[in-house]
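This report refers to the structure that appears directly beneath it.
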Amino acid sequence: MKMDKVRSDIEIASGTKIEPIVNIAKELGISEDEIDPYGRYKAKLTDELMDRVKDKPDGKLILVTAINPTPAGEGKTTVTVGLGQAMKVIGKNAIIALREPSLGPCFGLKGGAAGGGYSQVVPMDELNLHFTGDFHAITSANNLLAAMLDNHIQQGNDLRIDPKQIVWKRCVDMNDRVLRNITVGLGRKADGVTREDHFIITVASEIMAILCLCSDMDDLKKRLSRIIVAYSYDGKPVTAKDLNAVGAMAALLKDAIRPNLVQTLEHTPALVHGGPFANIAHGCNSVRATKTALKLCDYTITEAGFGADLGAEKFLDIKSRIAGLHPDAVVLVCTIRALKHNGGVPNDQLKKENLNALKTGIVNLEKHIENIAKFDVPCVVALNHIITDTDAEIEFVKNFCEGKGARFALADVWADGGEGGVELAKTVVSMIDECESKYHPLYPDSITLKEKIETIATEIYGAGSVEFSADALKQLAKLTELGFGGLPVCMAKNQYSLSDDKSVVGRPIGHVIHVREVYVSAGAGFVVALTGSIVTMPGLPKVPAAEHVDVNREGKITGLF
C-alpha cells in the first residue's frame with residue numbers, strides 16, 4: 001500500500017506524469033493521422049480509424065456494475081479503472097470504456113467520475129470539467145431544437161402544434177432545481193407564446209441517448225429525425241424532421257459523436273464518451289466507443305451507472321440489444337461498509353466489525369447476483385477492499401458469493417493501482433476462459449410495454465406488483481397505438497433502493513412499484529417509465545461540492561474529488 005494514500009484524488013492525479021496522447025495511441029496501433037488531439041493529453045478518434053478497424057475480430061467484453069450505492073461508497077469506477085490497469089500488469093492487452101462526467105454531480109453531492117486513488121483516468125480535472133466539449137454540443141443541439149419549436153409556433157404554427165402537448169424540454173448540464181418548471185413567452189407578443197416549459201439535466205436529454213446509441217453520422221441523423229417534440233391538435237406526433245432541425249443539430253454534433261481517447265494513471269488507454277445517467281436515462285457510454293474498443297484490444301472493460309438494477313439491466317436490455325453486443329463477463333462491485341449499511345449500521349459505526357449486520361445487509365448483493373444470472377452471463381464479485389475490513393468479514397463475503405455461484409476476488413486498486421487488482425484480473429480472465437457467456441435480454445421485444453415494465457419490476461426489483469397511474473395507462477395505450485410497443489423500456493428509478501422508495505435498503509420483497517408517467521424517446525429507440533418521485537433535473541445539496549472547488553493564478557484546480 002502506497003504511503004501517501006491519504007492524498008486527495010486530484011493531488012494524486014496532478015502529481016503523476018501523463019504520457020502524450022500520441023504515445024497512448026501508438027500503443028494501440030493508431031497513427032497520428034487517425035486522432036485529432038485536444039491539447040497534449042486527450043484526443044478524438046477519427047472516422048477513418050473506426051472504419052479501418054471495423055472488420056477486425058472483437059475482443060472480450062467485461063461489464064462492471066455494483067450493488068445499490070450507499071453513503072459508505074462502493075467505488076465502481078475506481079474498480080473499473082483498476083481492473084484495466086491490472087490487466088496490463090498480468091500481461092493482457094486491455095482498454096477501458098467509460099462515460100463522461102456531468103457537471104451536475106461534479107459540483108453537487110456525488111463528485112467527479114474519473115475513478116479514485118491510484119486508479120484514475122487523467123487528466124482528471126479536464127475530464128470532470130469541460131473535457132472536449134461533447135456535453136456543450138449536446139446541450140446546444142437540444143436547445144436549438146427547443147428554440148426552433150417555439151419559433152415555429154410564434155411564426156404561424158403551420159404544423160398546428162398544441163402548446164399544451166409539447167413534450168420537448170430544454171436542458172442544462174447543472175443541478176438547478178428552480179428550472180424544473182418554468183413559464184416562457186412572458187412579455188410582449190413578439191416574445192413568443194406564453195406556455196409552461198421545463199428543463200432537464202443534459203445527461204437526461206434524448207440527444208445524449210441518441211449520441212450514445214448511434215452507429216455513425218447517417219444513423220445519428222435518422223435518430224434525430226425521429227425525435228417527437230410535441231403533438232398536434234389532432235393528436236399526431238410532430239418530429240424534429242417536421243421542424244427541419246435535423247441538419248443543424250447534426251452539424252453541432254459532428255465532433256461530439258467521435259469517441260475521446262485518454263489514459264489512466266498507469267497509462268492504460270481509455271475511451272471516455274457520452275454520459276447518460278442510469279437513474280433517469282440508460283446509463284451507458286457510447287456504442288461507438290465500446291465497439292471501437294472491442295476492435296483495438298483483447299479485453300474491453302466498461303461500466304454502467306449506479307447499481308446493477310439500473311445500469312447493468314439497461315446495458316443488458318437496451319444497449320446490448322440495440323447494438324448487438326455480447327458481454328462475456330460481469331464484475332459486481334461491493335464494499336463491506338456498504339453491505340453493513342444495508343444491514344442497518346449507522347455511518348459512524350461502519351468501521352467496526354459487525355458480522356450480524358453483514359449477514360443482514362448482504363441480501364442486497366445476493367439480489368444483484370441473482371439478477372445477473374437471469375441474463376446468463378458469468379459473474380465475479382469484486383470486494384473493493386478497505387483497511388478496516390476484517391479477515392472474518394472478508395471470509396464471510398467470499399463464502400457467501402461462492403455459495404451463490406459467483407466467483408470472488410479482492411480488489412485493492414484505490415491504494416495500489418494495477419498491482420492491487422491482480423487477483424481480480426486473473427479471476428476475470430480465468431472465468432472468461434472457463435465459462436461461456438450465454439447472454440440474452442431479460443424479455444423479448446414481442447411482449448407489451450406494460451408487460452416489459454412489470455417484468456423488470458418483478459424480476460429485477462423483486463416487486464410484487466406495479467401500480468400505473470391513470471395518465472401512465474393512457475400514455476401506454478397511445479404509444480402502442482403509434483407503433484412503439486416493440487421498443488425496450490428504460491426505467492427511471494431512484495438508485496439507492498431496489499424499490500422506488502430511496503429510504504428502503506437491503507432487499508425489499510413484494511413491494512409496489514409506482515409508474516406515474518410514460519413517454520417515448522423515439523430517436524433513441526426506447527420507452528421511458530418514470531417511477532416514484534424520480535426527477536429529471538436534480539437539485540444541489542445543502543453544502544454543494546462546488547463550495548470547495550477553487551483555482552489559483554497558475555491555473556491549478558483544487559477541491560475536485
Side-chain angles (χ1 to χ4, degrees), residues 1-16 18 62 64-67 69-90 94 96 98-99 101 105-106 110-125 127-128 262-268 270 272 301-303 305-307 331-341 347 350-351 365 380-391 393-394 397-398 408-428 545 559-561:
M1 184 174 293
K2 295 180 172 64
M3 295 303 294
D4 53 358
K5 64 183 184 301
V6 295
R7 291 195 300 166
S8 69
D9 290 346
I10 195 167
E11 287 173 333
I12 292 171
S14 61
T16 302
I18 306 178
I62 301 161
V64 181
T65 184
I67 63 172
T70 70
E74 294 70 45
K76 173 164 51 64
T77 305
T78 301
V79 171
T80 303
V81 177
L83 176 57
Q85 294 182 154
M87 287 288 195
K88 187 175 182 180
V89 172
I90 67 171
I96 301 165
L98 299 174
R99 294 173 299 160
C106 187
K110 179 176 177 289
Y118 288 90
S119 292
Q120 294 187 59
V121 175
V122 286
M124 180 265 212
D125 54 344
L127 177 67
N128 277 306
V262 284
Q263 63 190 286
T264 73
L265 291 174
E266 298 179 9
H267 316 308
T268 299
V272 181
I301 303 154
T302 190
E303 70 164 12
F306 295 126
V331 175
L332 180 56
V333 180
C334 68
T335 61
I336 284 174
R337 287 185 189 179
L339 294 175
K340 288 190 288 191
H341 173 88
N347 291 340
L350 291 172
K351 294 180 181 180
L365 173 61
V380 55
V381 173
L383 181 61
N384 190 6
H385 185 227
I386 298 170
I387 194 169
T388 55
D389 299 343
T390 68
D391 291 342
E393 289 174 328
I394 294 169
V397 176
K398 179 178 184 293
F408 174 88
L410 275 179
D412 272 304
V413 295
W414 182 87
D416 295 325
E419 290 288 347
V422 166
E423 178 186 334
L424 175 60
K426 289 180 177 179
T427 302
V428 170
L560 285 176
F561 61 94

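In what follows, every heavy atom counts, from backbone to side chain, and hydrogens, waters and symmetry copies are set aside. What you are looking at is a predicted structure, and each value in this text was computed from that prediction instead of being measured.
Residues satisfying the salt bridge (charged side-chain N to carboxylate O under 4.0 Å, His left out) test with E393, not counting sequence neighbours, are K340. The side-chain contact (heavy atoms from CB on, under 4.5 Å) test applied to A425 returns L83, A86, M87, I90, not counting sequence neighbours. Scored by the side-chain hydrogen bond (donor to acceptor under 3.5 Å, both in side chains) test, T268 finds no partners at all (sequence neighbours excluded). The salt bridge (charged side-chain N to carboxylate O under 4.0 Å, His left out) check on K398 picks up E402, with sequence neighbours excluded. For T264, the side-chain hydrogen bond (donor to acceptor under 3.5 Å, both in side chains) partners are Q85, not counting sequence neighbours. Residues passing the side-chain contact (heavy atoms from CB on, under 4.5 Å) test with D9 are Q120, M124, W414, sequence neighbours excluded.
Counting only heavy atoms from C-beta outward, the side chains of Y118 and I12 approach each other to under 4.5 Å. Contact check for I336 versus V397: side-chain heavy atoms found under the 4.5 Å cut-off. Annotation: side chain of I394 is in contact with side chain of H385 (closest heavy-atom distance under 4.5 Å). By the 4.5 Å heavy-atom criterion applied to side chains, V428 and V331 are counted as neighbours.
Under a 3.5 Å cut-off, the side chain of E266 and the backbone N or O of G418 do form a donor-acceptor pair. A donor-acceptor pair under 3.5 Å links the side-chain atoms of S119 to the main chain of V413, judged by distance alone. A donor-acceptor pair is defined here as one N or O able to donate and one able to accept, closer than 3.5 Å; such a pair exists between the side chain of T78 and the backbone of G116.
Atom CD1 in I386 sits 6.0 Å away from atom CG in N384 (nearest 0.5 Å). Interatomic distance, L383 CG to D389 CG, rounded to the nearest 0.5 Å: 6.0 Å. How far CD1 of I96 is from OG1 of T302: 10.0 Å, rounded to the nearest 0.5 Å. For the atom pair NZ of K351 and CD1 of I387, the computed distance is 10.0 Å after rounding to the nearest 0.5 Å. Within the model, atoms CG of N128 and CG of L560 stand 6.0 Å from one another, a figure rounded to the nearest 0.5 Å. The distance from atom CG of L424 to atom NZ of K426, rounded to the nearest 0.5 Å, is 12.0 Å.
Sorted by first then second residue, the salt bridge (charged side-chain N to carboxylate O under 4.0 Å, His left out) pairs that include residues 70-86, not counting sequence neighbours, are K76-E303.
Contact between T65 and G307 at its shortest, heavy atoms only, is OG1-C, 3.8 Å. For the pair I301 and A94, the tightest heavy-atom approach, listed with the atom from each and the gap, is CD1-CB, 4.4 Å. A pairwise comparison of heavy atoms in A338 and G73 identifies CB-O, 3.9 Å as the closest pair. Closest approach of V381 and C334 over heavy atoms only: CG1-SG, 3.9 Å.
Just one residue in the list L265, T77, L127 forms a side-chain contact (heavy atoms from CB on, under 4.5 Å) with V121, and that residue is L127.
Within 6.0 Å of CD on E419 lie no more than 12 heavy atoms contributed by other residues, nucleotides or ligands.
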TODO: Evaluate the side-chain contact (heavy atoms from CB on, under 4.5 Å) criterion for residues L98 and V81: first the C-alpha distance (whole Å), next the side-chain angles of each, then the deciding distance (0.1 Å), finally the verdict.
DONE: CA-CA 9 Å; L98 299 174; V81 177; 4.1 Å; yes
